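Just so you know, these numbers come straight off a predicted model, no measurement behind them. Chain letters run A, B, ... following the sequence lines, proteins first and then strands; every chain starts at 1.
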Amino acid sequence: MRYDFNQIEKKWQEYWAKNQTFKAEDNSDKPKYYVLDMFPYPSGAGLHVGHPLGYIASDIYARFKRHKGFNVLHPQGYDSFGLPAEQYAIQTGQHPALTTEANINRYREQLDQIGFSFDWSREVRTSDPQYYKWTQWIFILLFKSWYDYSADRARPISELEDLFSSEGNRDIKAACDEDTEAFSAADWNNFSSEEKQRILLKYRLTYLAETEVNWCPQLGTVLANDEIVNGVSERGGYPVVRKKMTQWSMRISAYAERLLQGLNDIDWTESLKESQRNWIGKSVGALVEFKVQGSRFKVPVFTTRPDTIFGVTFMTLAPEHDLVEKITKPEQKAQVEAYVEASAKRSERDRMADVKTISGVFTGAYAEHPFTKEPVPIWIGDYVLAGYGTGAVMAVPCGDQRDYDFAGHFDIPIKNIFKDVDISDEAFSGKEGTVIANSDFLNGLEYKTALKKAISELEKIGQGKGKTNYRLRDAVFSRQRYWGEPFPVYYVNGLPQMIEKEHLPLRLPEVEKYLPTETGEPPLGNAIEWAWNTAKNEVVHKDLIDHNVVFPLELNTMPGWAGSSWYLFRYMDPHNEEEFVSEAAQQYWENVDLYIGGSEHATGHLLYSRFWTKFLKDRGFLTVDEPFKKLINQGMILGTSAFVYRLEGENKFVSKHLIGDQSVQPIHADVSLVNASDELDIEEFKKWRPEFADAEFVTEANKYIVGREVEKMSKSKYNVVNPDDICEDYGADTLRMYEMFLGPLEQAKPWNTAGITGVHNFLKKLWKLYHDEHNNFEVKDGKASAESLKTLHKTIKKVTEDIENFSFNTSVSTFMICVNELSAQKCNFREVLEPLVVLIAPYAPHIAEELWQKLGHDTSVTTAVYPVCEEKHLVESNKEYPISFNGKMRFTLELPLDMTPQEIEQTVMAHEKTQQQLQGRTPKKVIIVPGKIVNIVG
RNA sequence: GCUCGGAUGGUGGAAUUGGUAGACACGUUGGACUUAAAAUCCAAUGAACAGCAAUGUUCGUGCGGGUUCAAGUCCCGCUCCGAGUACCA
């Protein structure tokens with residue numbers, strides 16, 4: 001029987017499904033291991049060869065761990081809420097649930113075909129009410145929590161209410177809105193219920209707040225920064241304006257410090273941790289208050305360099321700053337208003353991208369320097385961001401290049417406060433060793449001392465204090481979309497109320513149109529059955545809203561990251577109807593041991609899920625502080641696009657090498673129409689698109705040669721390679737090994753099917769090892785040669801090391817070498833071939849199962865014990881020493897390993913080739929590293 | 001700009017603590033089998049030069065320096081490419 005991969009693979013995929021081979025046990029004496037892939041969004045395009053790369057790697061690792069005696073949890077599911085399905089619904093009217101279902105089925109088919117060892121009994125979908133019930137529950141828990149900085153953890157909001165009624169809020173160190181006003185216990189107790197609710201909202205970990213958003217009136221929706229190109233929407237090209245909207249936000253900033261510190265304890269790549277550190281953006285400095293002259297206003301600013309306070313020559317406020325309109329002098333008013341309006345039209349990204357243009361307007365107002373009492377002109381400028389710090393800066397042009405440029409542009413004086421530093425060309429931003437001058441009580445002090453002194457002096461006069469600032473902003477949690485989790489929220493007098501846990505899930509209502517309503521409300525505004533009856537605790541018709549018993553429900557939905565921030569825990573206990581995960585299940589599985597996915601989630605998903613994990617732990621629902629212990633980013637697989645060249649203005653295509661200096665237009669051709677030698681299938685190409693049916697072709701040697709270019713794999717570039725075809729032609733085992741063979745997991749690499757035959761041939765050779773020339777299975781009992789045992793054991797050693805280092809590409813090579821050697825040795829002893837099956841099973845599970853069965857086993861190879869390398873088979877008595885002269889290898893010499901350096905030197909020096917090389921010279925020095933090298937110098 | 005990666009034959013890529021650069025595979029070339037093709041098997045294959053040949057010499061890991069008996073690997077200074085991030089006070 002020849003290697004019939006199609007039949008073998010189908011057989012074992014059915015076997016695994018039927019026997020639930022990969023079902024993880026909930027109660028086990030074995031140690032646990034949790035391997036997870038990043039949550040896939042089931043897109044309509046299906047899988048291309050780039051998607052499974054990480055899945056194959058994690059699958060190999062999961063299978064390896066099973067062989068090593070672990071109880072492995074390796075689940076899969078779908079992040080099934082999302083925009084594309086909604087977009088499709090808007091265009092076609094097809095319910096997103098139907099589209100999503102169809103896409104999931106297609107994904108599942110493709111995944112099954114590759115032979116992954118997923119425990120499908122634990123599958124979850126974020127759009128399933130039984131799943132999002134718990135997403136809603138977590139949202140409610142966040143609403144009912146506040147962050148206590150003294151205890152450094154989240155606590156129930158009821159405890160905060162108790163504190164308020166006994167001591168007010170003055171001494172409570174809590175994460176809250178900037179504008180929270182102080183009150184006493186007596187005040188609190190006198191507040192109305194509504195007043196209390198409003199105050200509590202400033203403390204809750206999820207809260208309603210006015211947020212500036214990119215509003216696109218035509219699309220009726222808010223756009224993310226990257227959905228805006230050149231100030232207009234990417235889709236449709238409609239204008240976008242900055243607008244304030246009331247939205248749900250997550251108080252992730254409360255966790256900034258813990259999210260930063262937690263990075264030290266997890267095994268992620270340095271680059272990924274670095275992006276999170278940058279994103280959190282901690283800076284230590286001071287908050288300084290400047291009084292506005294002739295008014296009661298104060299301008300607080302954040303600075304990392306309070307030591308340069310005597311270098312302040314002006315201040316700059318963000319155009320959106322609240323004080324702008326209050327302090328602007330009448331004579332400047334027109335100019336300021338025009339500037340504010342102009343910058344409101346520019347998107348945040350535009351403003352930030354345009355670094356070169358310096359713009360700003362003087363307000364006419366002056367602040368007073370806290371120490372010198374000198375007047376400091378107040379400007380506004382859009383290089384100051386409203387969202388960072390206090391939205392205002394004290395400008396020190398001698399020490400900050402942006403301030404320097406601004407001062408230069410508007411002829412504002414620049415005061416040098418650095419000793420022996422020339423600032424005539426540019427600002428000086430050095431810190432260490434800098435000595436301050438021209439600065440009253442800071443004169444002669446070095447940076448660090450000056451910094452402390454400045455802060456303590458500011459504290460003395462009550463105009464400043466040390467402060468740590470974070471760039472990390474609270475995350476907006478509302479989306480004006482249909483296809484997402486509904487908020488379990490209704491409104492009484494405009495104040496949000498939570499639906500009780502026992503009435504969850506609050507199901508997504510049916511709507512007729514998936515677009516925003518005519519009045520600009522989110523799509524849920526189209527729902528008719530969308531009001532909450534507080535007596536019956538159920539959703540009712542919205543005409544019944546009486547603001548007495550029946551209240552309006554929230555119209556926004558949750559963002560994509562809601563469901564994916566906690567899904568790893570649901571897999572531990574996916575069918576639990578009482579809890580999002582049981583205590584026992586979570587304590588057993590803890591968290592994810594190995595997480596594999598793309599680096600595009602560096603600051604989104606990976607930060608949010610760390611936040612939710614820490615929060616759930618604070619509230620006693622988890623025992624772990626971090627969701628993912630070890631994380632690996634797989635590199636992107638790129639496509640190799642093919643180009644045909646059409647003569648300008650003609651329907652005539654010229655083969656690549658015949659273009660010369662003719663003017664041609666390169667057009668993407670579908671890569672499936674091109675063979676491995678870059679030759680185009682002209683007939684198929686003509687059929688591919690009607691406009692090419694009558695095209696003419698200028699060929700070279702009767703062939704049309706296409707041009708090639710490596711680009712991102714995408715439908716529009718016609719360079720997508722589908723795993724289904726590969727599985728059909730070569731088998732899943734070949735696909736799995738080839739994807740690993742392409743190169744290091746973490747590196748981006750172009751997909752090129754050319755090399756796949758090498759891997760396929762390898763599997764055929766492997767098959768042959770177990771069969772005689774007539775393809776009859778033949779494996780002998782008895783003693784294998786020492787040589788074969790050595791081949792086996794060095795393979796065990798290398799492959800084990802490779803898996804542990806996630807260096808899967810080199811283990812494929814190692815298998816090839818092993819099979820080449822065993823074939824040459826004509827080895828077909830069970831003693832060698834049986835362990836080899838187990839060794840290769842994680843990589844090529846189907847062929848391994850088949851061979852394992854043929855070897856006489858009646859259970860799956862999945863849990864067969866992984867072979868252990870016995871060093872005794874690897875002991876060498878000789879070493880082929882490279883003999884170098886002045887560092888250049890000239891010949892090799894086989895010598896016993898137990899030879900002393902002296903003996904080696906004698907033998908080498910006596911060798912005729914040595915004498916030939918030396919040509920009578922006497923070497924100055926002979927370097928001998930036993931077991932490694934001999935180098936003769938001179 | 002900043003941060004993090006990367007650069008090795010015609011191609012994808014190997015090379016453990018500095019110790020035989022180019023493993024393995026693709027491709028190419030030649031050969032065997034075949035009426036022929038496919039499949040399969042065998043051999044050669046970094047470049048240049050010399051030689052009928054075995055072989056030998058020189059050059060070679062983005063560029064320029066350095067350390068060392070010895071550098072793809074370590075140090076200093078650049079160039080280019082990729083990813084992330086962006087006026088963060």
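- The phosphate of G13(B) (OP1 or OP2) has no side-chain N or O of Lys749(A) nearer than 4.0 angstrom.
- In this structure, Val908(A) and His911(A) have side chains that are not in contact, with every pair of non-hydrogen atoms separated by 4.5 Å or more.
- Between Lys888(A) and C59(B) there is a side-chain polar atom (N or O) within less than 4.0 angstrom of OP1 or OP2.
- Paired regions of RNA chain B, where each region holds three or more successive Watson-Crick or G-U pairs whose two hydrogen-bonding distances fall under 3.5 Å, are B:1-7 with B:79-85, B:10-12 with B:24-26, B:27-32 with B:40-45, B:46-50 with B:55-59, B:62-66 with B:74-78.
- Mapping Thr757(A) and Thr810(A) onto RNA chain B by nearest heavy atom places Thr810(A) closer to the 5' end of the strand.
- For the P atoms, the distance linking A50(B) with U11(B) amounts to 26 Å, nearest Å.
- The phosphate of A89(B) (OP1 or OP2) has no side-chain N or O of Asn469(A) nearer than 4.0 angstrom.
- Ion pairing of Arg277(A) with Glu274(A) is present here, as a side-chain N (NZ or NE/NH1/NH2) and a carboxylate O approach within less than 4.0 Å.
- Remark on RNA chain B: of its neighbouring residues Ser271(A) and Asn820(A), the 5'-side contact belongs to Ser271(A), judged by nearest-heavy-atom nucleotide.
- Side-chain nitrogen and oxygen atoms of Ser275(A) include none within less than 4.0 Å of the OP1 or OP2 phosphate oxygen of C4(B).
- Between Arg277(A) and G84(B), a side-chain N or O to OP1/OP2 separation shorter than 4.0 Å is absent.
- Distance from the side chain of Met816(A) is smallest to C24(B) among A89(B), C69(B), C24(B).
- The shortest distance between the side-chain N/O atoms of Gln276(A) and the OP1/OP2 oxygens of U85(B) is not below 4.0 Å.
- Asn935(A) comes within contact range of at least one nucleobase, with a heavy-atom separation under 4.0 Å.
- The side chain of Asn752(A) contributes no N or O atom lying less than 4.0 Å from OP1 or OP2 of U11(B).
- Taking the ring centroids of Phe310(A) and His369(A), they lie under the 6.0 Å cut-off.
- As rounded to the nearest Å, G66(B) and A14(B) have P atoms that lie 31 Å from one another.
- Side-chain proximity of Asn761(A) to the nucleotides U40(B), A89(B), C69(B) is greatest for U40(B).
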